[in-house]
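Notes follow the structure.
These figures come from a predicted structure and were not determined experimentally. Every heavy atom of this structure was used, including side-chain atoms; hydrogens, water molecules and symmetry mates were not. Here is how names work: the chains are called A, B, and so on, in the same order as the sequence lines, proteins then strands, and each is numbered from 1.
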Amino acid sequence: MSSRTEATAGGRYIRCPGDHVEGVRSILRQLLVSGSVKAVFSLRSIPGNESFSYSLISDPRLVEEAVPFHPLMPVQAARALSQLTVSRPLEEKVAVIIRPCELRAFIENVKQSQGSVENMFFISCTCPGVGDSGKASGNDSGKSGGGSGYRTACSVCTDFVPGDPADMVLLLEADESPEDTRILLRSEAAASMAEDLTGFEIVQGPSLEQLTRAVARRRSLQRQDFIEKGPSAGSGLEELVSLFAKCIGCRACRQACPLCTCLLCDYETARTIYPPSLIGHEAERRGALRVPPGTLQFHLGRLNHIAPYCTGCGQCSDACPVGIPVADLFIRAGSLVQPALEYHPGRNMEDPTPLSTYRADELEEITD
Amino acid sequence: MRGLVTSPGLPLREALLELAYSALREGYADFVMVPSRGPGDSYSWILAGTPDALTSAEPLPPVMTVQGARALSSAAGEPSSRRILAIMRPCEARAAVEVMKLRQIDHANLTLVTMDCPGVIQLDLYDGAAEPEECDPANLRPACRQCSEFTACGDACIVRSADSNLLLPLTAKGGELASSLGLEEQGSLDEWSKRTEELRALRLGTAEGARTELRQQVAGIGRLSDFFADCIGCRACRTVCPICYCRQCFIDMKDRRSPASSHLDRSRRSGAARLVSDTLLFHIGRMAHMSISCVGCGMCEDACPAGIPVGRLVSMVGAGTSALFDYRAGKDPEEPLPLNTFVEEELHEFED
């Protein structure tokens, strides 16, 4: 079913009373018990301590530890799914609980041969966002699920309705918060799985787009405002130097980014790292040089590599131990670069990735 | 040990700055590597080639943004005729010595000058308001609060004794530095020695107490797993560590990738399995590789966005392995690294 038809015609939902956590757990449990899936990938509350982690759950009794769509992103799910499938795809079916930005990032991974969607059944949601979990906002608030509010990246995200790759979509963020659990059956696989579920009724309903119009409008205004006036709005060299002045070079932003999948980053290679002789030469020429050098080069280089594919999850900002709003810059750059390349990262599997696709005629507006 | 009077009447910070200026002016060094103030209360290392370039130099910044040995390995990673004088904290100088042994810093033309270190404020507790030298002890890095090697490291060290600044030459290079600066008058180290011994005893006690507690906290695989439960896998600990210099870490090797089926098997064995996996393998592996050279600077812990007290764990493990090999990280560039040294007869107590 294409999202376009659904936008006008609405779709089929499964519905059950009660909150989404129990509703989704019930589905997961039934899928595991019936053998329709062999494991469930979900955020899980680790017993014995107060932390959350993505886990692959295969025992139906442990589904009660799953906390589907808990507002926290300790690791970007795409990173975990890429680790799972990068060397060989799944041979058995796995139900994957995943947020829209995570799913889009994973689709990008797959397009770049860093994972496989084979045998994955995606259950996503219309996404309200996740909280900050960084040390800066206090570890306890992170652990309790984003007490300090949503990430900036989430509040300006207009891509909170998942695209075609999602098989099921839980209605979570909506103009009117549903009192029951409603899950759109988007794919044929979802429709046939739903037939075997007990405790749910199948109803016809308006499209997700219809149910989230006001949210979309609000987010869109916030995004526009952010792009124009946000904290990293300046893009001159001086502003960039200031933005990254506190960078300690820990590379957590890169490591946390689901799209930075290179085993060895370009900026760590012998080819790119400045040899000490050159550093000495530059320090002599300029009088002084910051060491190690290349802070801005690294961030701008990463921006250059990632901006066309950035799904705006905000994981880089969240991981930064000194609170640099890295994602603000990436989201802003993405909002300029992606339309120019006519690319919507992760929306589907088919669109060719712009930086690896040759076109004889393009981008005439930026040629002399 | 003798102490030579330097920069009389100046606070320690000014004495260090004066040393930097003199070293460049008198031609003792071609470059001085020293922290420097940047935009928005930021601090970074600079390699300064002229006295003018030292305008924003801040030899005692309130925070450690980059471990000095890490900065030094980028500037002095290969033999060079350029002479560098680095003004760094004692733990940074000790890390630099370890990195020299790992052959990532060439020390032929390098002089390391340290000072009585007041410690540094934890990065996330630094609000930009505190003046250097005015560190609130409650906000210091936990590593600093239990540091007993807070002075007299490197080639020379400037210490405070009865309100005067005394330069301690600790190596032949330190002696050359003293004579090139024309320092001759000796001062009494009595007050410094007494104060240092007292603080050292106090800190050793603090460290021992903290380690006893930590040892309980991580005893057994289950507790160790809980200790790292909040790890987001960002590897900041590894990247900021002055000792972890590998371009590509063992944990990121392609041949360590496992197929989806093996992750599913792992999940079946215990009902559920974490993804991403190998959190413990990474941390234990890192400790196995570098903890014997750990100087306890606390940089890894300060960089951890999840607030895991990883530095205290690594330095606890390091203290254990060092004791076993009777090794003191960063003390003597000539002392061989135990893990690189073949000894036919050793460690019989660990045999079956």
Heavy-atom distance under 4.5 Å to chain A: side chain of [X], backbone, both or neither?
{"X": "B:Arg82", "value": "side chain"}
{"X": "B:Arg266", "value": "neither"}
{"X": "B:Met33", "value": "side chain"}
{"X": "B:Asp52", "value": "neither"}
{"X": "B:Ser36", "value": "neither"}
{"X": "B:Ser262", "value": "neither"}

Minimum heavy-atom distance B:Phe31-A:Ala283, with the two atoms named: CE2-CB, 3.5 Å
Over all atoms of both residues, closest heavy-atom pair of A:Pro293 and B:Ser74: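 Shortest heavy-atom separation between A:Pro293 and B:Ser74 comes out as CD-OG, 4.1 Å.
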Please check if the side chain of [X] supplies one atom and the backbone of [Y] the other of a donor-acceptor pair under 3.5 Å.
{"X": "B:Glu78", "Y": "A:Pro275", "result": "no"}
{"X": "A:Ser87", "Y": "B:Ser258", "result": "yes"}
{"X": "A:Ser51", "Y": "B:Asp230", "result": "no"}
{"X": "B:Arg235", "Y": "A:Ala252", "result": "no"}

Which one of [options] has the most heavy-atom pairs closer than 4.5 Å to chain B?
{"options": "A:Leu264, A:Val75, A:Val86, A:Leu263", "answer": "A:Leu263"}
{"options": "A:Ala319, A:Ser55, A:Pro276", "answer": "A:Pro276"}
{"options": "A:Val40, A:Thr85, A:Leu278, A:Leu56", "answer": "A:Leu56"}
{"options": "A:Arg286, A:Gln315, A:Glu268, A:Arg79", "answer": "A:Glu268"}
{"options": "A:Ile273, A:Asp59, A:Val291", "answer": "A:Val291"}

Taking side chain as everything from C-beta outward and backbone as N, CA, C, O, which of these in [X] sits under 4.5 Å from a heavy atom of chain B? Side chain, backbone, both or neither.
{"X": "A:Thr295", "result": "neither"}
{"X": "A:Ala270", "result": "both"}
{"X": "A:Pro292", "result": "both"}
{"X": "A:Arg44", "result": "side chain"}

Contact check, side chains of [X] and [Y], non-hydrogen atoms, under 4.5 Å:
{"X": "A:Cys250", "Y": "B:Cys234", "answer": "no"}
{"X": "A:Lys246", "Y": "B:Thr65", "answer": "no"}
{"X": "A:Lys38", "Y": "B:Arg268", "answer": "yes"}
{"X": "B:Leu264", "Y": "A:Leu90", "answer": "yes"}
{"X": "B:Asp226", "Y": "A:Glu50", "answer": "no"}
{"X": "A:Gln255", "Y": "B:Ile232", "answer": "no"}
{"X": "B:Ser267", "Y": "A:Ile57", "answer": "no"}
{"X": "B:Leu47", "Y": "A:Ile279", "answer": "yes"}

[X], [atom1]: over 12 other non-hydrogen atoms inside 6.0 angstrom:
{"X": "A:Tyr274", "atom1": "OH", "result": "no"}
{"X": "B:Arg247", "atom1": "CZ", "result": "yes"}
{"X": "B:Arg256", "atom1": "CZ", "result": "yes"}

Could you give the distance from [atom1] ([X]) to [atom2] ([Y]), rounded to the nearest 0.5 Å?
{"X": "B:Ser277", "Y": "A:Gln83", "atom1": "OG", "atom2": "CD", "answer": "3.5 Å"}
{"X": "A:Ile248", "Y": "B:Leu123", "atom1": "CD1", "atom2": "CG", "answer": "5.5 Å"}
{"X": "B:Asp265", "Y": "A:Ser58", "atom1": "CG", "atom2": "OG", "answer": "9.5 Å"}
{"X": "B:Leu275", "Y": "A:Ser82", "atom1": "CG", "atom2": "OG", "answer": "10.5 Å"}

Top of B:Ala272, B:Gly38, B:Cys237, B:Gly40 for chain A proximity - count of heavy-atom pairs under 4.5 angstrom: B:Ala272
For chain A, the option from B:Gly49, B:Ala53, B:Ser42, B:Gly271 that forms the most heavy-atom pairs under 4.5 Å: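 Among B:Gly49, B:Ala53, B:Ser42, B:Gly271, the one with the most close pairs to chain A is B:Gly271.
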